[in-house]
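Contents: one structure, followed by commentary.
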Amino acid sequence: MEQTGKRKRVHINNISLVITVVLFILMFLFGSVKYNNFLSLSTFLNLFNDNAYLMIAAIGATFVLISGGIDISIASTIAFTGVSSAFLLERGVPAFLVILLMLLVGIIVGCTQGALIHYFKLQPFIVTLAGQFLMRGLCVVISERSIPISDPFFKTMALGKVAVRLGEAKAWNGKIYYYVFILLIVFAAAVYTLRYTKFGRCLYALGGGETSASLMGLNVARTKIAAYGISSFCAALGGIVFSFYTLAGFGLQNLGLELDALSSAVIGGTLLTGGVGTVAGTVVGVMIEGIIQTIVTYQNLNTWWTKVTIAALLCFFIVIQRIIAIRAEKSKGKNE
Amino acid sequence: MRETWNRLSEKQYFRPLIIFIIILLFNGIVSKGEFFTLSIVDGHLYGRIIDIVRNGSKLMILAGGMTMILATGGTDISVGSIMAISGAIACSIVNGNIFPSFNGNVAAAIILAILAGTVSGIWNGFLVAKIKIQPIVATMILMVAGRGIAQLITRGKIVTITSETYYFINGGYICGLPFPLFIVLFLVGFLVLFTGRTAFGLFLESVGCNPTASKYVGIKVDRMLLAIYTLSGAFAAVAGLIESAGIKGADCNNAGLGIEMDAILAVAIGGTNLMGGRFSIPASVIGALIVQSITTTVLALGVPAAYIRVLKALLIIIICLSQSKQFKDLVIKRKMINRKVVGS
Amino acid sequence: MSAGNQLLTVRNISKAFGKAVIALADVQFDLNRGEIHALLGENGAGKSTLIKVLTGVENKDQGIIEMDGRQINPRSTQEAQNEGISTVYQEVNLCPNLSVAENIYIGREPRNRFGTINWKKINADARELLDKFDLHINVTKNLDHYSVAVQQMVAIARASDIDAKVLILDEPTSSLSSAEVDKLFQIMRKLREEGMGIVFVTHFLDQVYEVTDRITVLRNGKYVGTYLTKELPRVELVGKMIGKDYAGLKEAMNAKWPEEAERQEKETFIKLVNVSSPGTVKGFELTVKMGEVLGFSGLLGSGRSETAKVLFGIDPISEGEVKVKNEMAHLHSPLDAIRNGIAFCPENRKTEGIIGELSIWENIILALQVKRGIFHKISRKEAEELAKEYIEKLQIKTPGTEQLIKNLSGGNQQKVILARWLATDPEFLMLDEPTRGIDIGTKAEIQKIIMDLAGRGMAVLFISSEIDEMLRCCTRMIVLRDMKQVGELNGKEISEEAIMRIMAGGEAS
């Protein structure tokens with residue numbers, strides 16, 4: 001079943017995805033040849049350990065991109081949930097309540113943005129840009145300093161891990177932190193939603209053309225608002241995972257992360273024009289970014305090289321997308 | 001007299017101007033007149049209003065460029081990063097960190113910094129006009145990577161400089177007035193003339209309202225877009241020079257951080273529709289002064305600086321809503337229902 | 001017909017857009033079970049507005065819609081579908097990025113017992129359904145893989161498969177070949193037997209007489225009458241559609257062509273030799289002479305608009321050469337075309353023509369300003385004079401030159417667009433559907449303007465899907481099919497039958 005679905009998108013989606021996977025393997029090989037200790041299971045697993053929060057957020061961003069919109073409030077939502085959960089935990093609010101509250105805030109923020117965009121026809125970029133500033137501003141209002149987290153539950157999630165042993169040698173040993181399993185759940189849920197639910201398919205239809213979708217009798221309003229809701233929900237969840245990861249909340253964390261989330265989706269084959277994209281691609285996209293980061297660390301370069309390289313990669317993939325789109329248009333005219 | 005008044009009140013900059021005056025008066029009353037006091041020290045004018053003009057100069061310049069971009073329905077969120085690049089280049093040259101052969105020549109530093117801004121602008125314009133990427137994504141690339149590039153130029157350090165000539169860009173005076181004011185007058189004057197005296201303004205509004213129809217009447221939409229993003233980049237570089245001259249160095253992490261939002265807000269307050277279409281550069285410049293004076297006022301009232309950002313974000317949404325046709329319809333419907341209820 | 005047989009009743013529906021445009025005034029309509037009912041009228045008669053009201057795209061201002069005797073008020077397409085009203089539009093409104101099967105079943109996907117979408121069943125069902133339409137295509141491929149005609153058949157399949165009582169077909173045949181149309185009619189008859197009520201909108205009268213049971217005619221947003229198809233002679237039908245204004249049209253038509261011989265001696269303005277454009281026209285040959293009105297006839301997607309776009313430099317020329325007045329011309333952009341004396345009123349007035357937020361005078365001077373160049377700004381005074389001149393010349397109804405063009409009626413907007421191009425003093429004017437959605441009076445005026453211009457020596461290319469007005473205006477007609485020129489008719493040879501015959505592919509003269 002999955003196969004039939006994929007074959008039809010061979011044009012745009014898969015070329016991008018194939019390049020991405022090949023690129024990932026090449027980079028991994030490059031690192032393995034160049035640096036000692038690089039080729040190991042833990043290098044691979046650390047891609048997930050270190051980027052789980054980004055993967056979760058990027059999966060959310062993929063929903064919005066598929067619907068044909070854009071959400072650049074992701075990074076500040078992550079920062080906001082990080083700071084406010086640290087703030088609340090510091091004041092003794094129970095961990096589960098904090099998490100619940102943060103997820104709720106995520107959904108409300110996202111749905112509000114979606115509603116503004118849909119009902120009042122405001123441009124997504126303005127609304128989510130304002131959202132970005134609002135959340136960042138609130139971060140600083142809550143606390144200008146970094147707040148450490150000492151809640152036992154958060155600590156368990158942060159430090160608890162499962163050892164993975166695939167062989168005797170050290171290179172075949174690695175570990176997975178508990179919070180990575182949250183990512184797995186989100187991933188599975190996202191794949192299921194996009195492929196096997198009515199809502200997921202409406203999302204693709206919406207990205208294919210809003211007028212068509214509404215004339216086909218699909219509920220455009222609900223779909224669009226839900227897409228932004230999911231995006232912010234994932235960002236909030238990513239924020240919680242991020243505070244597991246760092247055990248602290250700081251308002252200026254993750255500046256410019258929206259570009260990472262966006263580019264991982266694009267690198268993974270999601271079209272910026274909407275209607276095409278998979279979460280699996282997005283996850284591979286984040287893995288590429290993770291490996292760039294790893295190489296930059298091994299090479300002992302300025303960390304800003306990561307951002308610059310990711311931006312360059314994004315440009316490269318956007319150009320590829322454009323070329324494929326133009327080609328498809330031309331060949332279509334010839335066939336018919 | 002009455003006719004002049006009528007004509008004035010029809011201009012797009014009329015409402016922002018009134019708002020600006022009200023804010024000034026409010027400040028004057030709160031500070032019991034101290035706000036308006038101007039003093040002359042060494043033949044230089046000092047005062048709170050002068051501060052607003054000086055501190056708002058960057059924003060006024062950026063708002064000028066941003067107006068044209070927003071008028072086409074686009075956006076440029078890379079201006080802050082371009083400011084960082086420009087500051088990093090200029091300071092590094094003055095300092096002799098890069099291009100030591102220039103011997104810290106300030107003129108060379110300024111020219112190269114503006115050149116870098118122009119190239120950044122061309123890059124944005126290329127992505128938007130030729131590759132046809134949404135402006136928000138296209139400029140976000142440079143917004144994030146640009147700060148990285150600036151960091152790479154300064155090797156991740158904060159560069160401090162000692163050059164009285166360079167300080168002049170922000171702190172200098174001509175005829176008793178702060179030098180940045182003259183930069184603003186020059187650049188904004190150029191824009192106003194360029195959009196008003198040529199058909200550029202008309203074409204821009206046309207592109208903003210309906211790009212397809214504009215293409216079909218023969219307007220070279222691509223070139224227009226390329227031109228305005230380039231101008232915006234160059235202007236951002238100038239703003240970056242003023243900023244770095246003000247802090248006497250280049251701080252790549254914080255230079256122009258978040259200023260793109262202020263610039264968009266300034267244009268929105270100026271009454272230009274963010275969906276594209278009619279625009280007014282003078283109105284945006286007054287909008288920039290309003291944003292700056294709001295910042296000053298809020299700080300003077302003792303509100304923590306952190307709240308200003310939140311306030312601005314909310315303000316943008318409110319202004320956008322007030323421009324939204326759907327929102328207006330909703331409000332009007334409500335009013336009519338209320339009236340009906342009252343009537344019956 | 002017995003009352004129990006009534007499926008859908010529409011009473012006294014009114015709808016206005018803004019204050020000026022009244023699209024529907026007190027319109028009646030009724031549909032029986034097991035009936036194919038033609039909804040006819042000229043462009044601007046209110047057919048599409050009525051359909052939009054029925055399908056929930058637009059809200060009615062007044063009136064009652066009853067379905068099975070129960071009052072309904074659909075406010076979205078979804079609500080209309082839930083009430084059992086399903087629609088196929090002239091332009092394909094499906095999602096190109098989804099598979100054929102999914103386009104048919106989206107929104108009502110079969111699920112398995114876990115509530116997840118059953119893709120196997122979707123694909124199998126889609127195959128089975130399309131087999132009924134004799135459409136044997138790979139249903140798992142993306143929709144945009146197939147031609148417009150196939151896409152339209154898929155849309156019809158979707159609409160007919162939805163559990164609908166009423167099926168509305170809004171000009172579904174404009175992109176179909178005659179074999180495909182036959183297939184469609186077969187299906188329509190079958191659905192009729194199953195008791196479905198079908199509303200059929202078309203401008204092909206042959207099709208009306210072939211397949212429908214009853215006819216309702218609208219004119220200028222008003223209800224004219226409902227008739228049994230077999231009792232209404234064709235001439236009478238046309239009379240009812242056109243109404244009393246017919247006499248006025250006659251007059252406009254008689255606006256006098258100069259004698260045949262006089263026009264023949266004019267020189268060639270533009271000559272196309274073997275021109276191709278990627279994805280659109282192939283090996284196109286064309287000569288247009290000064291003073292003639294050349295018509296492009298053909299179905300939607302036949303290449304009539306596409307050719308005009310190539311001539312205007314909007315779509316690139318990949319092969320062949322263009323000569324303007326015997327000199328090689330390079331039409332790489334609309335600006336090049338304008339500089340060569342070409343003007344083009346595009347098909348879609350709202351998205352390609354008007355600049356809605358700008359005033360009338362700005363809209364009028366725009367093309368001239370482009371021609372003069374960005375640094376030679378037209379002074380406000382000159383602009384005002386130009387605008388006033390054309391408002392008077394073309395009788396544009398507006399309170400003043402400062403009025404925003406979006407506030408004008410369609411006909412007046414079209415006149416402003418026309419003024420925009422006449423201001424550039426063109427030698428060759430291309431008009432793509434200049435009278436679509438315009439009231440009959442203005443239509444006649446525009447036709448008269450076209451003939452006047454040609455009479456004064458301008459070369460005109462006229463594209464319209466209304467054969468009647470083409471017959472009225474054109475001195476020469478080129479028939480297009482599948483992006484190719486398939487026939488040419490001169491002067492007296494031009495007749496509806498001749499055009500239809502060539503269009504249908506009977507004969508390539």
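Chain A is the first sequence line, chain B the second, and so forth, proteins listed ahead of strands; every chain is numbered from 1. Computation of the quantities below employed the complete heavy-atom set of this structure, encompassing side-chain atoms and omitting hydrogens, waters and symmetry-equivalent molecules.
Contact record, C/L98 with A/Y204: CD2-CB, 3.6 Å, taken as the closest heavy-atom pair. Closest non-hydrogen pair, C/C95 versus A/A205, comes out as SG-O, 3.2 Å.
In terms of non-hydrogen atom pairs under 4.5 Å with chain A, the most contact-rich of C/L143, C/L94, C/T55, C/T87 is C/L94.
Of all residues spanning residues 210-226 of chain A, those with a heavy atom less than 4.5 Å away from chain C's heavy atoms are A/S212, A/S214, A/L215, A/M216, A/G217, A/L218, A/N219, arranged by number.
Qualifying ring pair (Phe, Tyr, Trp, His ring centres under 6.0 Å) partners for A/F120, counting only residues two or more places apart in sequence or in other chains: B/F327.
Both the backbone and the side chain of C/N103 come within less than 4.5 Å of a heavy atom in chain A. In this structure, chain C has a heavy atom under 4.5 Å from the side chain of A/Y192, while its backbone stays farther away.
Ionic pairing of A/R201 and C/E109 is not present here: no N-O contact between side-chain nitrogen and carboxylate oxygen is shorter than 4.0 angstrom.
Other residues, nucleotides and ligands contribute at most 12 non-hydrogen atoms within 6.0 Å of the NZ atom of C/K350.
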